[in-house]
Amino acid sequence: MRLSQYFIPTLRETPKEAQIVSHRLMLRAGMIQQSSAGIYSWLPLGLKVMRKIEQIVREEQNRAGAIEVLMPTIQPAELWQESGRYDDYGLEMLRIKDRHDRDMLFGPTNEEQITDIFRSHVKSYRALPLNLYHIQWKFRDEVRPRFGIMRGREFLMKDAYSFAIDAEAARIEYNKMFVSYLLTFKRLGLTAIPMEADTGPIGGDMSHEFVILADTGESEVYCHKDWMNYSLDAGEVDYNADLQPIVDRFTELYAVTDEKYDAADCPVPAEKLMTTRGIEVGHIFYFGSKYSTPLGASVADETGKQCDVHMGSYGIGVSRLVGGIIEASHDDKGIIWPQSVAPFDAVVINLKPGNADCDKVSEQLYQQLLAAGHDVLLDDSTDSPGAKLNAMDLIGIPYQIVIGPRGMKDGIVEFKIRKTGASQDMSPDAAGQAVLEHLAGQDTI
Ligand code: 5CA
């Protein structure tokens, strides 16, 4: 992509309305634009990052055996009246009337809708277990939308729903999602800690929040310091095997949100306890037959007896993750994207468009990286060299090749790594090669 033909409306000034760093950086990097409170347009750079996150989430859901569907954003009130949540959900639900005066709503979540799909088609235990997910916009009329897309009113969520014949089978489904979340967040360059949590309006008696640690997080969290050394390798995971040992390993260390914290019976000695703040990027629930019973989602078991299915639901805040990743990875110059979600793999910065040598070498490097299959930005804008370098650091592209007239006299360009700040002068060929090598070495799963 040539910057002169693209749209990255960066801001020089720090927007006053933004209280946390991710919100400030997303506005400054031209990723989003507010439409009204808690509702945003996604500009090209923001959309690119969100789509990459979405794709990693999708791949990991598929790998864990979940199947993608797409349910509508607008739902009929009747389904929610059946479950009893239409009245309970309160003011957070955006209620709509259609032209025939029918009550509709903009879905804040989809337990009822998916249970309706299930009950229409699945009649026998033989079709179980089943896990269906979608990645779809939600609307919650939050009292205090804030921090940009972190607590929005309209936001993109991945929500999966599992169906199983009994509590034991449901636990297996829960464990698959638990483990897939560890792998998903790792691919996004994050350490997400599963914490015991309250279930809120979704309900149920077992639930974990996946929380990334950040000073600006909305909730206070308490966890064992050893969490910082915990990590799961994709190679350790076989979704057909018993995942309980992995789940046990990741739940034996203390980690709770403030609703669950009680200083009096905290098992961790003070010197090992970390009290910090966190951002909830995922939340998984097991709620048995809370929805299947009122909605009549039952199947015949092996003996022909009708059983209400046991369900769980599993959410990931896809749009919130864009901000969460920035909170976890930035410096005073701007965003430092993990390579897996960076809006571009690399940028070729031509400091002096119009200079024949700069143009020629920039174009060659750009074409070489494109031909190798990478998503490359060519900065061919006519801004000042300082403004260009600042803007590219702000938007956080992992690898940069800087081509300027002074270096060109000696046949030299500069290769820079955004994350470490390392930079080296080298020949254009060597710089192209360096980018290719770094990109080839990216963490894959
Ligand atoms: N149906 C269940 C699981 S599928 C559910 O709705 N769970 S949730 O309420 O916990 O939401 C799932 C995830 O969506 C949260 O972990 C959070 O990352 C994200 N999320 C929730 N509310 C917002 C919001 N207002 N803005 C941005 N992301 C949000």
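Both counts, for ligands and for their atoms, begin at 1 and track the order of listing.
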| Geometric class of the Y230/F250 ring pair [parallel <30°, tilted 30-60°, perpendicular >60°] | perpendicular

| task | Classify the angle between the aromatic ring planes of Y222 and Y261 as parallel (below 30°), tilted (30 to 60°) or perpendicular (above 60°). | result | parallel

| query | Which of parallel (below 30°), tilted (30 to 60°) and perpendicular (above 60°) describes Y40 and H23? | reply | perpendicular

| Who are the side chain to side chain donor-acceptor pair (under 3.5 Å) partners of R95, not counting sequence neighbours? | none

| Hey, mind stepping through Y89 and W80 against ring pair (Phe, Tyr, Trp, His ring centres under 6.0 Å) and telling me if it holds? | CA-CA 9 Å; Y89 219 92; W80 289 68; 5.5 Å; yes

Tabulating one pair per line, provide the atom names and distances (0.1 Å) for every N/O atom of ligand 1 that is less than 3.5 Å from a protein N/O atom.
from, atom 1, to, atom 2, distance (Å)
ligand 1, 1 (N), T109, OG1, 2.7
ligand 1, 1 (N), E111, OE2, 2.7
ligand 1, 6 (O), R140, NH2, 2.7
ligand 1, 9 (O), R140, NH1, 2.8
ligand 1, 9 (O), R140, NH2, 3.2
ligand 1, 10 (O), E280, OE2, 3.4
ligand 1, 10 (O), H283, ND1, 3.3
ligand 1, 16 (O), E280, OE2, 2.4
ligand 1, 18 (O), E280, O, 3.0
ligand 1, 18 (O), V281, O, 3.4
ligand 1, 18 (O), G317, N, 3.4
ligand 1, 25 (N), E142, OE2, 2.8
ligand 1, 25 (N), G152, O, 2.8
ligand 1, 26 (N), M150, O, 3.4
ligand 1, 26 (N), G152, N, 3.1
ligand 1, 28 (N), R320, NE, 3.4

| Is there side-chain contact between Y286 and S207, with at least one heavy-atom pair below 4.5 Å? | no

